[in-house]
Colleague: 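Sending over a structure as structure tokens; questions will come in a sec.
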Amino acid sequence: MIHQKIKEAIQTYSEELTELRRKLHSEPEVSWEEENTTAFICEYLENLGIPYRRTNPTGVIANIAGAKAGKTVALRADMDALPVEELNKDLPYASKEDGKMHACGHDAHTAMLLIAAKALNESKEELPGTVRLIFQPAEEAAAGAREMVKQGAMEGVDNVFGIHIWSQMPTHKVSCTPGPSFASADIVKVTFKGRGGHGAMPQDCIDAAIVASSFVMNVQAVVSRTIDPQKPAVLTIGKMDVGTRFNVIAENAVIEGTVRCFDNETRAHIEKQIEQYAENVANIYGASAEVEYFHGTQPVINDEYSARFVQKVASEAFGEDVLYTEKPTMGGEDFSFYLDEAPGSFALVGSGNPDKDTEWAHHHGKFNIDEDALVTGAELYAQYAWSYLNE
């Protein structure tokens, strides 16, 4: 049930949409520091006459109440940037903040939801129900969604929908498949304690560097030999801090890594195995081990009904050729915490265009988007809300 007035409105506001995205891109703010971004969103909503409230310390929750009673659908956009140096120095809207950049497309998400809100607000007299707008901070810290839920973002919500711009997909394409979309993303920290000493007298020492190295080499067997091959999982050790000097045998070693998978049973198994491997490896060498396991985001599992509904809305709005099947990613997304509160789905909107050099990986300093994708995302937000409330 596509609303023609919404489609025409978003087309009319396409230039404004691009301007909004460029302003946000040039003024990036990292997780929990989105003060100016929050203020800008509040001012924009106020000018539209959409009631809102700020969340603490940053973020915005707003409601577009239709003239008729009905369900409540939530639309979410994240708004934080990354501590990444922008390498696209020639862009007229390049980041003005050294070492900070919208390297993941959250500027686009925010701009798209603002324009979707503008179009929906113009049709609110025909709207049966309420559209909840969630402008979320700190997605990159895997903490913002959980905090927004605590502060009432999902109260009374029947369904929730989110979008991520995606440089690995062609511009305009939309992917929203039922089941796993993004993986859980946990952090593991292992501290080994040995006995330091002179590099010339190893017999008097317990070398933490050897202990840590043995652990790093052996712990990969947790995935390759203890997990069902049909249940994808990744265990990556990304940091090792060991030793103080070339001729001193290390007393301490600290290892940090991440665990990614799509179901909580596998997640719990890997956590337990890491603890066992750390303890056993330490025992072999006479060292000790301490494991700290931090649960980050949940896996994002698209609800069957909601994902099929996104496909239906997208094909009706843009034609069946828009549909694309992107395989699940081991990347993490804290949109998962909204799905703990209500059924919903998370769609990817393609922005990759080799002619515009927009196929760089997310989080890279050269990341950019094909701005032609903005209209697709804004309309998908708005048409999904309209169609869901009218169903």
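Positions are given from 1, in the same order as the sequence printed here.
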Colleague: Looking at F294, does the NZ or CZ of K189 lie under 6.0 angstrom from its six-membered ring centre and within 45 degrees of the ring axis?
Modeller: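 Relative to the ring axis of F294, which defines the angle, K189 lies outside at least one limit.
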
Colleague: Enter the distance from L82:CG to E140:CD here, rounded to the nearest 0.5 Å.
Modeller: 4.0 Å

Colleague: Cut-off 3.5 Å, side chains only: do Q151 and R146 have a donor facing an acceptor?
Modeller: no

Colleague: With hydrophobic residues grouped by side-chain heavy-atom distances under 4.5 Å, do L91 and L17 end up in a single group?
Modeller: no

Colleague: Give a yes or no on whether a salt bridge exists between K68 and E126, defined as a side-chain N under 4.0 angstrom from a carboxylate O.
Modeller: no

Colleague: As a quick check of understanding, evaluate side-chain hydrogen bond (donor to acceptor under 3.5 Å, both in side chains) for Y277 and N218, giving each step before the final call.
Modeller: CA-CA 8 Å; Y277 269 69; N218 283 285; over 6 Å; no

Colleague: Check whether any side-chain heavy atom of V188 sits under 4.5 Å from a side-chain heavy atom of E256, and report yes or no.
Modeller: no

Colleague: Could you walk me through whether T58 and E34 pass the side-chain hydrogen bond (donor to acceptor under 3.5 Å, both in side chains) check?
Modeller: CA-CA 6 Å; T58 51; E34 309 94 336; 2.7 Å; yes

Colleague: Under a 3.5 Å threshold, yes or no: a donor from one side chain and an acceptor from the other, between E29 and T37?
Modeller: yes

Colleague: Is it true that D98 and K100 make a salt bridge, defined as a side-chain N closer than 4.0 Å to a carboxylate O?
Modeller: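 No, D98 and K100 are not salt-bridged.
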
Colleague: Do the charged groups of E27 and K23 touch, with an N to O distance under 4.0 Å?
Modeller: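 So E27 pairs with K23 through a salt bridge.
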
Colleague: Ion pair present between E379 and K7, side-chain N to carboxylate O less than 4.0 angstrom?
Modeller: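 K7 and E379: salt-bridged.
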
Colleague: If I compare all heavy atoms of N302 with all of S345, which pair ends up nearest, and what's the gap?
Modeller: OD1-CA, 3.3 Å

Colleague: Would you kindly check if the NZ (Lys) or CZ (Arg) of K71 is within the cone defined by 45 degrees around the ring axis of Y388 and under 6.0 Å from the six-membered ring centre?
Modeller: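 Yes, a cation-pi geometry holds between K71 and Y388.
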
Colleague: In terms of the angle between their ring planes, are Y384 and F309 parallel, tilted or perpendicular, with boundaries placed at 30° and 60°?
Modeller: perpendicular

Colleague: Strictly below 4.0 Å, N to O, side chains only: are R54 and E35 in salt-bridge contact?
Modeller: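 A salt bridge links R54 with E35.
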
Colleague: Side chains of Y93 and N368: do they bring a donor and an acceptor to under 3.5 Å?
Modeller: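 Looking only at side-chain atoms, N368 and Y93 do form a donor-acceptor pair, the distance falling under 3.5 Å.
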
Colleague: Regarding S387 and N390, is there a side-chain donor-to-acceptor distance under 3.5 Å anywhere?
Modeller: no

Colleague: Does E359 reach the side chain of N353, with side-chain heavy atoms less than 4.5 Å apart?
Modeller: no

Colleague: Taking the side chain as every heavy atom from C-beta outward, state whether F367 and C104 have any atom pair closer than 4.5 Å.
Modeller: no

Colleague: Tell me yes or no: between the side chains of S184 and N264, is some donor less than 3.5 Å from an acceptor?
Modeller: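 No, because no side-chain N or O of S184 sits under 3.5 Å from a partner of the opposite role on N264.
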
Colleague: Atom CG in N56, atom NZ in K150: separation rounded to 0.5 Å?
Modeller: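 Going from the CG atom of N56 to the NZ atom of K150 covers 12.0 Å.
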
Colleague: Are Q136 and D334 close enough, and set up right, to give a side-chain hydrogen bond (donor to acceptor under 3.5 Å, both in side chains), and what steps lead you there?
Modeller: CA-CA 10 Å; Q136 179 206 307; D334 72 353; 3.1 Å; yes

Colleague: Are D158 and R132 close enough, and set up right, to give a salt bridge (charged side-chain N to carboxylate O under 4.0 Å, His left out), and what steps lead you there?
Modeller: CA-CA 10 Å; D158 298 291; R132 173 76 46 79; over 6 Å; no

Colleague: Tell me every residue that passes ring-ring contact (aromatic ring centres under 6.0 Å, His included) with H363, counting only those two or more places apart in sequence or in another chain.
Modeller: none

Colleague: Any luck finding a side-chain donor-acceptor pair between R308 and S306 under 3.5 Å?
Modeller: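 Their side chains do not contain a donor-acceptor pair, so the 3.5 Å distance test is not met.
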
Colleague: List, by chain and number, the other hydrophobic cluster members for L339, where Ile, Leu, Val, Met, Phe, Trp and Tyr join if side-chain heavy atoms come within less than 4.5 Å, directly or indirectly.
Modeller: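 L339 shares its hydrophobic cluster with I61, I134, M148, V149, M154, V157, V160, W166, M169, F182, V300, Y324, F335, Y338, F346, L348.
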
Colleague: Could you tell me if E86 and S95 have a donor-acceptor pair between their side chains, going purely by distance under 3.5 Å?
Modeller: no

